[in-house]
Amino acid sequence: MAESPITPRNQDFATWYQDVVLQGDMAEPAEIVKGCMVIKANGYAVWELLQRELDDRFKTTGHQNLYFPLLIPESFLHKEAEHVEGFSPELAVVTQAGGKKLDEPYVIRPTSETIIGHFFAKWIKSWRDLPMLVNQWANVVRWELRTRMFLRTTEFLWQEGHTAHSNHDEAVAEVRRMLDVYADVAENVMAMPVIKGVKTQAEKFAGALQSYSIEAMMQNGFALQAGTSHDLGQNFGKAFGVQFQSQAGQLDYVWQTSWGASTRLIGGLIMTHSDDKGLVLPPKLAPIKAVVVPIYRKDAEREPVLEAAHRIAKDVGAKVDDREGQTPGAKFFHWERRGVPVVLELGPRDLAAGTVVLKRRDTGAKQPVSVTAIAETVRAVLDEMQSTMFNAAKQRLKENTVLANSIDEVESILNDVTAEKGGGKFVMAHMKDDPRCDQRVKTSKATIRCIPLVDEYDGAGKCIVTGEPVDRRLVIAKAY
RNA sequence: CGGGGCGUAGCGCAGCCUGGUAGCGCACCUGCCUUGGGCGCAGGGGGUCGUAGGUUCAAAUCCUAUCGCCCCGACCA
């Protein structure tokens, strides 16, 4: 396969991202066509691993995967006023089918609250039917004005969970639990630290009482919303007539939640860890965790080296790159670009010494390892990489987070950073709810990302949000 | 929809200002040689220069129109 050259890192992060993702095409993450994305071999394999991690966690609490239609009757969207208002501008609408104009157009789902609400109304009659816990893995379409590879594509793959409960407390607990699931996967699987928080009313999901999100910081200091969980209250229950009879015999509307995470996570993964050489994947999301590259000079060396390579590979669960007609150098480069965490080099010199040279992708460090200890060493190195990568990202988050106590301070920090390197910082603004805040923040091209649930970045380490916070501490940042 | 840029070989680009036989790197094919970080050398195949008009003896190059793509902004996950 062809390997196109990768350009050196530029101060312009967008350019770098493009270089890694677009130019790094041969590392097979994705390619884009008309705002839509083809996710290629290596990229899709990462998504599959991520899917499994999420799905396993959903299912531990009794959620079922279902599938709902792609096409939603337009009238469904109109049943919830705020929802339709929020989504209308970005809907793709099917007006013609079967060679004639449709009486009622369909919209291509931008999300499935409405059609699921429709079915919840049919399926839920009694408190015994609750909670109803469903999830679907699907593609959705949102006609955004501008697309960015992985981060915002016209069509994207995601998971959307939808639940119905008999009371608000239980629904809120579900919303918070799913937020925790996302944070767990982000931090412990993706090695991407996040801040859990509540969205402002201006930024919440259209039709929700309250939205929660996890916010991650990319290498340039930009924020990335990496997962959302919504408390829908009874808004959709009322809009779709989802009623149940309680134990006391009374009719009540259900309390619903919805939560989702998308292929955007892969973009976040790339922008959190990758470097100028290509992808860097945390071991838990590496489709191939280790590759053995055999090195031999003469025909006489070939057999013993290959034999040992396969034996070692079997031992550690690695793949052997035994392609002929490729030099070892070309092979190292190949796997490096694909983000394979560990490459094992095995040549005649190692064979004689009873060692293997282990190179890790994150730090680039090389070390000889005794063949007898190779399996546990690789295991240990993979574990260590997982935490090293998380710690490095967390360190970056801390270093690029600054405190501010007034809107003036916020503004001066944001503008200063803008001028300096075109990058970003998270500003933890500690201040009373200032009516000028939204406006002033916006002029700095930043947004209020969230009101954090647990404030661990100012050293106080205490929860500041229980219900509506009195003392607002906001995360303000430029975002993708 | 505003502001910028680009369409020339599979990919990345030069050539255009100043019109005159279509170029370079990577990839591909053949041979020899090599293999501890993108092997090397030699030879070779592949392009109606986005499209349509115009100017000219002659257009990738100048003019006009048109289509497409990318980046920045507004929208947003």
Side-chain angles (χ1 to χ4, degrees), chain A residues 1-7 10 12-15 17-19 22-26 31-35 86-91 110-111 140-160 182 199 202-206 211 213-216 223-230 258-268 277-278 293-299 301-302 305 321-337 343-353 355-357 359 364 366 368 422 442 445 447 449 478-480:
Chain A
M1 272 278 227
E3 303 265 357
S4 49
I6 199 158
T7 61
N10 187 301
D12 178 10
F13 194 80
T15 306
Y17 178 65
Q18 234 191 313
D19 289 343
L22 295 174
Q23 299 281 330
D25 195 38
M26 298 320 292
E31 102 183 48
I32 207 152
V33 51
K34 285 262 185 190
F87 278 103
S88 284
E90 55 193 72
L91 294 179
T111 179
V140 292
V141 167
R142 297 184 186 178
W143 215 263
E144 304 290 356
L145 294 176
R146 182 151 173 248
T147 59
R148 270 186 225 269
M149 176 78 87
F150 280 116
L151 304 182
R152 180 168 294 104
T153 46
T154 301
E155 178 190 356
F156 57 95
L157 287 177
W158 77 344
Q159 151 285 128
E160 50 178 323
Y182 290 142
K199 285 290 182 184
E203 296 263 334
K204 72 174 185 183
F205 177 76
S211 290
S213 75
I214 53 172
E215 300 286 330
L224 184 77
Q225 180 173 313
T228 50
S229 188
H230 313 292
S258 70
W259 25 276
S262 72
T263 40
R264 165 176 259 212
L265 287 175
I266 302 175
K277 293 173 187 160
V293 175
I295 299 159
Y296 42 84
R297 198 180 293 263
K298 311 173 192 105
D299 276 349
E301 292 166 347
R302 190 171 170 277
V305 166
D321 187 351
D322 53 5
R323 289 174 295 163
E324 296 290 345
Q326 293 275 348
T327 60
K331 292 177 182 179
F332 296 143
F333 186 75
H334 178 89
W335 298 112
E336 193 166 57
R337 294 196 60 181
V343 171
L344 301 169
E345 311 179 8
L346 181 76
R349 294 211 292 268
D350 305 293
L351 219 51
T355 59
V356 182
V357 174
K359 177 163 185 189
K366 269 188 185 183
K442 211 169 181 178
K445 291 178 180 169
T447 48
R449 301 315 303 160
K478 289 190 222 170
Y480 282 112

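Lettering of chains follows the sequences in order, A, B, ..., and the numbering in each one begins at 1. When reading the values below, keep in mind they use all heavy atoms of this one structure, side chains included, and skip hydrogens, waters and symmetry mates.
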Open item on the list: Suppose we call two aromatic rings close when their centres sit under 6.0 Å apart. Are A/Phe150 and A/Tyr480 close by that rule?
Closed with: no
Candidate nucleotides [options], ranked by approach to the side chain of [X] - the nearest:
| X | options | answer |
| --- | --- | --- |
| A/Arg349 | B/G37, B/G36, B/U35 | B/G36 |
| A/Ser262 | B/C75, B/A77, B/G37 | B/A77 |
| A/Thr153 | B/A77, B/C75, B/G36 | B/A77 |
| A/Arg297 | B/G37, B/G73, B/U35 | B/U35 |
| A/Leu145 | B/G37, B/G36, B/C75 | B/C75 |
| A/Pro328 | B/G37, B/U35, B/A77 | B/U35 |
| A/Ala330 | B/G38, B/G73, B/G36 | B/G38 |

Round to the nearest Å and state the distance from [X] atom [atom1] to [N] atom [atom2].
| X | N | atom1 | atom2 | answer |
| --- | --- | --- | --- | --- |
| A/Lys298 | B/G36 | NZ | P | 13 Å |
| A/Glu144 | B/C1 | CD | C1' | 16 Å |
| A/Trp143 | B/C1 | CH2 | P | 15 Å |
| A/Glu155 | B/A77 | CD | C1' | 15 Å |
| A/Lys366 | B/G37 | NZ | C1' | 6 Å |
| A/Leu151 | B/C71 | CG | P | 12 Å |

Paired with [N] by Watson-Crick or G-U wobble geometry, both distances under 3.5 Å: which nucleotide is it?
| N | value |
| --- | --- |
| B/G25 | B/C11 |
| B/C62 | B/G54 |
| B/C6 | B/G68 |
| B/A74 | none |

Open item on the list: Please check this pair: side chain of A/Glu203 against backbone of A/Lys199, looking for a donor-acceptor N/O pair closer than 3.5 Å.
Closed with: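 No, the answer is negative, given that no donor and acceptor are paired below the 3.5 Å cut-off.
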- [ ] Just call it for A/Val357: base, sugar-phosphate, or nothing, with non-hydrogen atoms closer than 4.0 Å on any strand.
- [x] base
- [ ] With heavy atoms under 4.0 Å as the rule, sort A/Thr147 into base, sugar-phosphate or nothing.
- [x]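 Nothing, no heavy atom under 4.0 Å.
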Open item on the list: Using only modelled atom types and a 3.5 angstrom limit, is any donor from either the side chain of A/Lys359 or the base of B/G37 paired with an acceptor on the other?
Closed with: yes
Task: Of A/Ala479 and A/Tyr296, the one whose closest RNA chain B nucleotide lies more 5' - done: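 First, find each residue's nearest nucleotide; the 5'-ward one identifies A/Tyr296.
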Open item on the list: If we check side-chain contact (heavy atoms from CB on, under 4.5 Å) with A/Lys331, which of these qualifies: A/Gln326, A/Glu336, A/Glu345?
Closed with: A/Gln326
Open item on the list: Please find the pair of heavy atoms, one from A/Arg264 and one from A/Gln225, that lie closest to each other, and give the distance.
Closed with: NH1-O, 3.0 Å
- [ ] Take atom C1' in B/G40 and the same atom in B/U35, then report the distance between them in whole Å.
- [x]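 12 Å, rounded to whole Å.
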